[in-house]
Undergrad: 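Just dropping this structure here.
The chains referred to below are lettered A, B, ... by the order of the sequence lines, with proteins before strands, and numbering in each begins at 1. Remember, predicted model here, so these are calculated numbers, not experimental data.
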2 protein chains.
Amino acid sequence: MTTIYEVSKLAGVSLATVSRVMNNNTNVSDATRKKVTIAMKELGYRPNSIAQSLASNCSNSVGLLVSEIHGPFYGPMMGSIESTFRAQAKHVIIAAGHSDVEHEQQAIEFLINRNCDGLILHVEALSDEYLIELSKGKTPFVLLNRYIPEIAHHCIILDNVKGGYLAAKHMLEQGHINIAYISGPQWKKDAQDRLNGHKQALAEHNIPFNEQLLYHGDFMEDSGAEGFKYLHNNTQFSALICANDEMATGAIACARESALVLPEQLSVMGFDNVFFTRHIYPPLTTINYPINDMGKMAANWILSEVYKKTTPPIQTVFEPELVVRQSVLVNAQ
Amino acid sequence: MTTIYEVSKLAGVSLATVSRVMNNNTNVSDATRKKVTIAMKELGYRPNSIAQSLASNCSNSVGLLVSEIHGPFYGPMMGSIESTFRAQAKHVIIAAGHSDVEHEQQAIEFLINRNCDGLILHVEALSDEYLIELSKGKTPFVLLNRYIPEIAHHCIILDNVKGGYLAAKHMLEQGHINIAYISGPQWKKDAQDRLNGHKQALAEHNIPFNEQLLYHGDFMEDSGAEGFKYLHNNTQFSALICANDEMATGAIACARESALVLPEQLSVMGFDNVFFTRHIYPPLTTINYPINDMGKMAANWILSEVYKKTTPPIQTVFEPELVVRQSVLVNAQ
DNA sequence: TTGTACGCGTTATCAG
DNA sequence: CTGATAACGCGTACAA
C-alpha cells in the first residue's frame, strides 16, 4: 500500500502539502500541485479512508436501518438513498430491525459503534422516549415515516390522514356505501392516521362509521385474508379498503377463493403502491407512497445537517396520491 | 468519547492490558480482567472501531455489490447476507452496479477504497478478464451467479442448465408439445445455460427444437410482453416458458390482453421464484432459485476466507427446484 | 506558500 | 502475566 509519505518523497514536498492537495485545494501553488498530482498518479496512490476517518473524526459513512431488507417497500427506499450518498462519496451501512424493540436497539448501537456520521432510521417498535433520548446523543439521525412532536425536525413523513381520506373518497365517489376497512395495528401512528382519514371522508359524505365493517389487521398479508373472512362472514359490503397493499393482496386472494368476481362483486383498494400491485389481478387501485422521494430527502437531510452540504430545501411531509387501476368497480349503483 | 487510556487509568493498569481483555482474552489474570471490565462498564467505554481498523489493518466491513438495490431478486439476497454478517459483528456496505460496466467498475473501486476486507459481487456487465485481474489484487471477493473457470473457487452459482431442463420437462410431462421460449440475453451465461437445459429436455423427449418458437428477451418485463406478441403472431403454441419471472409476468399480462384464458389456452412458466410470483394471476409455476441460501453461503465464504472463521463447508453450486402453482394446464392432450 | 510536529484511539512487539 | 513504546496513515495547528 502506497502512503501519503511516499507520494511526498517522490514529489519532493512535505506530506502536509500532499494532504493539502487532496483536501483544501486552497493555499498551494499550481506548480507544486501539479508535481504532487503526477506523483500520485505514478504511484497509483489511493488515500486510506480509515486513516482519514481517524484523523478527521469523520467516517463518511451513514447507517441505514430498515425493518426488513427484503420486502417491496424498503428496496426502492434503500436504492434512492444509496445513489444520493454515493454521488457524494459517502457510503451506507445497512442493518435490519425486524420491527422488534431489541433488534432495532441493537442495530442502532451497532451502527453508532461503527462510527456512522449520521443515521437514517425506519423503526417501528422503538418508543418515542428512546428516540427522544437518542436525539440528545452525538450521532444525528432522521426518522422516516414517523412523527414525534418533540423532535419534529428529525421526521420525514407521509400525510397518512390524507391518504386514508383519498382512498375512502374514491370509493365513495364510485357510489360505494358499505365500505369495509382492514386497518393496520393501532399502536402504529400511520395505521391510526389512515383510519382517521377514512372516517373523515365517510363523515363528509354523511355516512356513519360502522364498527361492524372494521377489522384490525397487522399490515401482513395473512391478516388481510383473515380480515376478509371475518368481515365476509359477519356483514355485507361492496367495497373493501385495506391499510396497505400486502393486506389487500391477501384479501383479494381469499375473496377469489370465496368465488367472488373482482371488481364486479367486490371492489378493493390498497395503500402504498408497492411495485407488485400492478401485477396482481385485478391490478390494484391504491394510494401512492412516494418512498423514493422520501428516501432521497432523508439522504439530503443528512447531507445538509451532518456534512453541511447545500441541498434542495428539506421537505418533511409528503403528499399521497390516488393511483387508479382496475380493482374498483366504477359507478357502482 | 472515553478512550482506552481513561479505562486503563481508572483500572490502574496499562493500555496494553485493556486492549488484551478486549481481544485476546489469553494471558491476563482473572483479577485484572475483572478490574478492567468494571472500569469499562463504569465509563461506558465503547471501542473506537475506526482506530481499531487502522491499527489492526482490518475494517470488519464487507462490500456488497448488486445490480439494483430494489428489485425482488436482490432483496432476499441482501437480507440473508446482512444477517449472517451482523451476527459476526461485520458490517456490510451496499452499492449498486446497474448492470453497466462503468457503474460496476466504479462501485468496486469505491468499495475497495473504503477498505472493505472482502467483497460479494453480483455483476453482470464486467468482463471475465477484469474479474480475473481483480482476483490478483489484495481484496478477496466472491462472485454470485457467475462462473469463471479461471477463478472457479470464487464462484457461487446455480445449476441453470438443470433449471432450464426442469422447466421444460415439467411442461412436456403435462403433455405440451409446442413450447415457446423467451430467453434472456445470450451474452449472459445464465441465460445460455437455461436455454441449453431447455433444449436438452426437448431432445430427451425426441422433440426437435424449433427456432420459430424462440424469442430473445432481455430479462426485463417488457421484453416478455414483446416476446409473447411476436410469438403469438408468428406461430402456434400451447405453452410458454420464460427465462425469468419478470418476463413471464409481462407475457402473462400481454396474453390476457389478447383475451387468452390462462392456463386453459396457454400455460406459462417462469424462473427464479421471486416472491411476487404467487401474487400474480394465475399464480406462477416456476423454478426456485435458492437465493437466500446462496447469499448466506457467499457470506460464509468471506467469513472463512477473509476472517478465518470456521463455517459450514462451502457449497459452490446450488440446485434449482420446480415450484408448481397454477399457471400450467395439467395433462394437456 | 510550505514544512514540522503532534494527535487521532488502537493494536502489536518487545522486554521484564 | 504485564507494561512501555512503536507503529497504523493521515489531518492540522503552528511556525517558518
Side-chain angles (χ1 to χ4, degrees), chain A residues 1-40 43-61 89 112-117 138-139 307-308, chain B residues 1-40 43-61 89 112-117 138-139 307-308:
Chain A
M1 164 165 287
T2 127
T3 76
I4 199 176
Y5 176 70
E6 307 177 34
V7 175
S8 75
K9 229 171 37 178
L10 200 160
V13 298
S14 78
L15 86 219
T17 304
V18 178
S19 177
R20 284 194 190 94
V21 340
M22 294 175 41
N23 307 318
N24 302 326
N25 268 25
T26 160
N27 292 352
V28 39
S29 75
D30 284 359
T32 51
R33 176 189 307 282
K34 181 163 286 180
K35 281 194 301 185
V36 172
T37 316
I38 291 175
M40 294 201 305
L43 294 173
Y45 170 70
R46 303 258 172 236
N48 180 321
S49 63
I50 303 258
Q52 287 179 319
S53 297
L54 185 60
S56 66
N57 193 29
C58 165
S59 67
N60 285 309
S61 73
I112 291 180
N113 283 342
R114 285 304 182 190
N115 293 78
C116 289
D117 298 327
K138 71 181 280 280
T139 307
Y307 297 111
K308 309 306 176 194
Chain B
M1 165 167 286
T2 127
T3 77
I4 198 176
Y5 176 70
E6 307 177 33
V7 175
S8 74
K9 229 173 37 179
L10 201 160
V13 298
S14 79
L15 266 176
T17 304
V18 178
S19 178
R20 283 193 192 94
V21 339
M22 293 176 44
N23 307 318
N24 301 328
N25 267 24
T26 160
N27 290 354
V28 36
S29 74
D30 284 359
T32 53
R33 177 188 310 281
K34 182 163 285 180
K35 279 194 302 184
V36 172
T37 315
I38 290 175
M40 295 201 305
L43 295 173
Y45 170 70
R46 303 260 172 232
N48 180 322
S49 64
I50 304 256
Q52 287 179 316
S53 297
L54 184 60
S56 65
N57 194 30
C58 166
S59 66
N60 285 310
S61 74
I112 291 181
N113 283 343
R114 286 303 181 188
N115 294 78
C116 289
D117 298 326
K138 71 179 279 282
T139 308
Y307 297 111
K308 309 304 175 195

Undergrad: Under 4.0 angstrom, heavy atoms only, what part of the nucleic acid is B:Thr32 near: base, sugar-phosphate, or nothing?
TA: sugar-phosphate

Undergrad: Are the side chains of A:Met22 and A:Gln52 in contact, using a 4.5 Å heavy-atom criterion?
TA: yes

Undergrad: When the distance from CG of A:Asn113 to P of C:dG9 is rounded to whole Å, what number comes out?
TA: 15 Å

Undergrad: Whole-Å distance between D:dC1 P and B:Lys35 NZ?
TA: 14 Å

Undergrad: Where the side chain of B:Val28 is concerned, which of C:dT10, D:dT2, D:dT12 is the nearest nucleotide?
TA: D:dT2

Undergrad: Without decimals, in angstroms, what is the distance between B:Asn48 CG and D:dC10 P?
TA: 17 Å

Undergrad: Of all the choices, C:dT2, D:dT2, D:dT5, which nucleotide is nearest to the side chain of B:Thr17 once you look at every atom?
TA: D:dT2

Undergrad: Nearest-Å distance, OH (A:Tyr5) to C1' (C:dC6)?
TA: 17 Å

Undergrad: Figure out the CD1/C1' separation between B:Ile4 and C:dA12, and round it to whole Å.
TA: 12 Å

Undergrad: Do A:Asn23 and A:Ser19 come within less than 4.5 Å of each other through their side chains, counting heavy atoms only?
TA: yes

Undergrad: To the nearest 0.5 Å, how far apart are CG in A:Asn60 and CG in A:Asn115?
TA: 12.0 Å

Undergrad: Nearest-Å distance, CZ (A:Arg114) to P (C:dT10)?
TA: 14 Å

Undergrad: Between B:Asp30 and B:Ala51, which has a closest nucleotide on DNA chain D that is more 5'?
TA: B:Asp30

Undergrad: Quick check: do B:Ser59 and A:Ile50 have side-chain heavy atoms less than 4.5 Å from each other?
TA: yes

Undergrad: For B:Met1 and C:dC8, give me the distance from atom CE to atom P, rounded to whole Å.
TA: 12 Å

Undergrad: Just to be sure I understand the rule, does A:Val18 reach a base, reach only the sugar-phosphate, or reach nothing, if contact means heavy atoms closer than 4.0 Å?
TA: nothing

Undergrad: By the 4.0 Å heavy-atom rule, please label A:Asn57 as base, sugar-phosphate, or nothing.
TA: nothing

Undergrad: Side chains of B:Ser61 and B:Arg114: does their closest heavy-atom pair fall under 4.5 Å?
TA: no

Undergrad: Contact class for A:Ile50 (heavy atom, under 4.0 Å): base, sugar-phosphate, or nothing?
TA: nothing

Undergrad: Atom CG of A:Leu54 to atom P of C:dT11: distance rounded to whole Å?
TA: 12 Å

Undergrad: With DNA chain D as reference, determine whether A:Arg20 or B:Arg33 sits nearer its 5' end, using the nearest nucleotide of each.
TA: B:Arg33

Undergrad: Select one nucleotide: of D:dT2, C:dT11, D:dC10, the one nearest the side-chain heavy atoms of B:Met22.
TA: C:dT11

Undergrad: With a 4.0 Å cutoff (strictly under), does any side-chain N or O of A:Ser14 reach OP1 or OP2 of C:dG3?
TA: yes

Undergrad: If you check the A:Gln52 side chain, which of D:dG11, C:dG3, C:dT11 turns out closest?
TA: D:dG11

Undergrad: Counting only side-chain nitrogens and oxygens, does A:Ser29 get under 4.0 Å of the OP1 or OP2 atom of C:dT2?
TA: yes

Undergrad: Examine distances only and state if a side-chain atom of A:Thr37 and a backbone atom of A:Arg33 form a donor-acceptor pair shorter than 3.5 Å.
TA: yes

Undergrad: Could you check whether A:Ser19 gets within reach of a base, just the sugar-phosphate, or nothing at all, counting any heavy atom under 4.0 Å?
TA: base

